[in-house]
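Residue numbers start from 1 in every chain, and the chains themselves are labelled A, B, ... in the order their sequence lines are given, proteins ahead of strands.
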2 protein chains.
Amino acid sequence: MTARTPDSARDIPEATVARLPVYLRALISLAEEGTTTCSSEELAAFAGVNSAKLRKDLSYLGSYGTRGVGYDVEYLRYQIAREIGVTQDWPVVIVGIGNLGHALANYSGFRSRGFRVVALLDADPDRHEEVVAGLDVRSFEDLESIVAEHDVSIGVIATPAVAAQSVADRMVATGITSILNFAPAVLSVPDGVGVRKVDLSIELQILAYHEQRKSIAPGAGAVS
Amino acid sequence: MTARTPDSARDIPEATVARLPVYLRALISLAEEGTTTCSSEELAAFAGVNSAKLRKDLSYLGSYGTRGVGYDVEYLRYQIAREIGVTQDWPVVIVGIGNLGHALANYSGFRSRGFRVVALLDADPDRHEEVVAGLDVRSFEDLESIVAEHDVSIGVIATPAVAAQSVADRMVATGITSILNFAPAVLSVPDGVGVRKVDLSIELQILAYHEQRKSIAPGAGAVS
DNA sequence: AGGAGTTTGTGAACGGGAGAACAAAACGAG
DNA sequence: CTCGTTTTGTTCTCCCGTTCACAAACTCCT
Ligand SMILES: NC(=O)c1ccc[n+]([C@@H]2O[C@H](COP(=O)([O-])OP(=O)(O)OC[C@H]3O[C@@H](n4cnc5c(N)ncnc54)[C@H](O)[C@@H]3O)[C@@H](O)[C@H]2O)c1
Ligand SMILES: NC(=O)c1ccc[n+]([C@@H]2O[C@H](COP(=O)([O-])OP(=O)(O)OC[C@H]3O[C@@H](n4cnc5c(N)ncnc54)[C@H](O)[C@@H]3O)[C@@H](O)[C@H]2O)c1
C-alpha cells in the first residue's frame, strides 16, 4: 500500500482531463440559470455523459459532493476551474492570420474561458498593416520578444500546412510548451511539449465514413 | 466459426476509423513527392503513429500490402478513400456565417478532401446580401429545399451556442444525418444521426491543464 | 431518535485498443 | 531451386477506460 501523494499531483486519466472542460461548461450554464445545487444525474445530462462516468471523473479531483444531496454548483465549478488551471488567464499567441486566424482572433469565447490573446503574428508583410480585434498583426520575427514579455506558454498555429513545422520549431525554441495546431500536418516536437490538433477535414471524413455505411448497410449504429 | 460477411460491411473499430483520414493525408503527401511504394514504417512515420498500429489498422480494410515490399501508394490511397467514402464529393451545408462560418466557407481544403459546400445559411437577414466564396448567403428557411435539391446529408453548425440545438433539430427534420458542431453546446439528436463536435476552448483547456502541471511538478510527461 | 429515501464514491467486471512479437509470404541472389 | 532478407498480417498480452452495482453517508420526516 503506497502512500498517496499529499494533495495535488494526483494522476488524472487523460480521458477524464478531456471531459473536465465539458463539465465546467455545464456548471457555468447551470449557475447562469440560477441553479445552486445539482445531482450527478442532472449534471451528466447537461454534459451529455453517463452519470457513473461523471461521478468517477469527479472522484479523481476529490470528494466535492454531498451524499443524498449532490454537488454545490458554484463550489464544484471553482474546483474544476482550479484543477484545469483556468482560474487565471493564460496568455496565447496566434500565428497565421488568414481566414481562420481572423476568426480565432475575433472569437470572444476565449476570454471567458481562461485565455487571453496577447499577439497576432503573420509572415506576410501585407498583413502587418491590419488591426484585428484590437490587436496589431505583427511580424513573425517578433515572436521571441512577445513570448518573453508576456510569459507565453501556449501557441496556436493557423498557417498553411507547409509552414506548420517550422512555426512549431520556432515556437519551441522561444519557450512555448503547448501548441494547438489547425494545419493538416503532423508536428514533431521534443518531449515535454504538448501538441493538440484540430483537423476539420478529418472530422468530416469520419462523418462521411459512417454516412456511407448507413446507406450500404441500413441499421448501422450512430456515431459516438 | 462464424462465416464472415462477404466483402465490405466489416466492422472497423472507431479508433481506426479516426486514423484512416490521417493515413490518407500521408499517402497523398507521399504521392505528391513522387513516391510510388512505401513500407509500413515509412507511412507510420509520416502519419505520426506506431507502425504496428498502422499495419493493424490497414488489416481491417483487407490485405493491400505485399510482404517484403510494402504498400503501393496510389493503390492504398484509393482503397482508403473508398473505405472512408470520399471517392465522390459529399454535399455540405454550413449554417451560421459569422466569424467562423466565413473562414469555413473560404477554406479550399474541403474540396480536395471529398466535400463540396453547396449552401451557406444564416438567420440574420443582413447577412443575406453577402456573397462568400462565390456563394450567396441564404435564409435559414431555405434549408429544406436546399437539402432536398442537393441531397445533402452532412451539415455544419457554426452558430452561437444558444441556437445550436434548434438548428440541429431543424437539420434532422430535413433529413440530415451527420452534423459537425462548432458551437460549445451538447446536442441531443435521435439514434442514427451522427454528431461530432469541435471545441476550441476545450482543446486549449486541456493544454492548460498539462501546462499547469508542468510548473507544479517538473518532470511530468508530454501530451498525446 | 429512528427509519425511509436519496445520492455519492468506489470496487469489480468487462470490453476495446495499444504494442510486442512472430509466423507467413514475397523477393532476389546465386 | 534454395537460402537469406525484408516486410506484412496476425496473435497474444497488457493496460486503460467504461459501466454496473452497492455500501456508505447525508437529509428529512415522523
Ligand atoms: N479556414 C478554415 O476554415 C480551415 C479549416 C480547417 C483547416 N484549416 C487550416 O488552417 C490553416 C489556415 O487556414 P486559412 O484558411 O486561414 O489559410 P490562409 O491562407 O487564409 O492563412 C494562412 C496565413 O498564414 C500566414 N503564413 C504563411 N506562412 C507563415 C509562416 N511561416 N509564419 C507565419 N505566418 C505564415 C499567411 O500569410 C496567411 O496569412 C491551414 O493550414 C488550413 O489547412 C483552415
Ligand atoms: N470564431 C471562432 O474562432 C470560434 C472558435 C471556437 C468556437 N466558436 C463557436 O462557433 C460558433 C460561431 O462563432 P462565430 O465567432 O462565428 O460567431 P458569430 O456571432 O460571428 O456568428 C454566428 C452567426 O450565426 C448566425 N445565427 C445566429 N442564430 C442563428 C440561427 N438560429 N440560425 C442560423 N444562423 C444563426 C448569426 O446571424 C451569425 O451570423 C459559436 O458557437 C462559437 O462559440 C467560434
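For C:dG19, one of the phosphate oxygens OP1 or OP2 lies less than 4.0 angstrom from a side-chain nitrogen or oxygen of B:Lys53. Side-chain nitrogen and oxygen atoms of A:Asn50 include none within less than 4.0 Å of the OP1 or OP2 phosphate oxygen of D:dG17. Using a 4.0 Å cut-off, some side-chain N or O of B:Ser40 falls inside it from OP1 or OP2 of D:dT8. The shortest distance between the side-chain N/O atoms of A:Tyr71 and the OP1/OP2 oxygens of C:dG9 is below 4.0 Å.
B:Asp72 has its CG atom 13 Å from the P atom of D:dT8, to the nearest Å. B:Lys56 has its NZ atom 10 Å from the P atom of C:dG17, to the nearest Å. In this structure, A:Leu54 atom CG and C:dT10 atom C1' are separated by 14 Å, rounded to whole Å. In this structure, A:Leu58 places its CG atom 16 Å from C1' of D:dG17, rounding to the nearest Å. Rounded to whole Å, atom C1' of C:dG9 lies 15 Å from atom CG of A:Leu43. Across the protein-nucleic acid pair, A:Glu41 atom CD and D:dC20 atom P stand 11 Å apart, rounded to whole Å. When rounded to the nearest whole Å, the span between OH of B:Tyr60 and C1' of D:dG9 equals 12 Å. The CD atom of A:Glu14 sits 15 Å away from the C1' atom of C:dA18 (whole-angstrom rounding).
Between A:Ala15 and A:Gly68, the residue anchored closer to the 5' end of DNA chain D is A:Ala15, taking for each the nucleotide with the nearest heavy atom. Nearest-nucleotide positions on DNA chain C place B:Ala52 closer to the 5' end than the other of B:Ala52 and B:Arg67.
A:Arg170 has a carboxylate O that lies under 4.0 Å from a charged side-chain N of A:Glu144, or vice versa, which qualifies the two as a salt bridge. With salt bridges taken as basic N to acidic carboxylate O contacts below 4.0 Å, none links A:Arg77 and A:Asp72.
Just one residue in the list B:Arg113, B:Lys197, B:Arg196 forms a salt bridge (Lys or Arg N to Asp or Glu O under 4.0 Å) with A:Glu203, and that residue is B:Arg196.
Proximity note for A:Val69 (side chain, C-beta onward) versus C:dG19, D:dT27, C:dA12: the nearest is D:dT27. Among the nucleotides C:dA26, D:dT18, C:dT8, the one closest to the side chain of A:Arg19 is D:dT18. Distance from the side chain of B:Ser63 is smallest for D:dG9 among the nucleotides D:dG9, D:dG17, C:dA12. Listed nucleotides: D:dC26, C:dG9, C:dT8. Nearest to the side chain of A:Thr66: D:dC26.
Within the nucleic acid shown, A:Tyr64 comes within 4.0 Å of sugar-phosphate atoms alone, with no base atom in reach, counting heavy atoms only.
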side-chain hydrogen bond (donor to acceptor under 3.5 Å, both in side chains) assessment of A:Arg82 paired with A:Tyr78: CA-CA 6 Å; A:Arg82 189 183 50 76; A:Tyr78 173 74; 4.7 Å; no
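Between B:Ser51 and B:Ser40, the shortest heavy-atom contact is CB-O, 3.9 Å.
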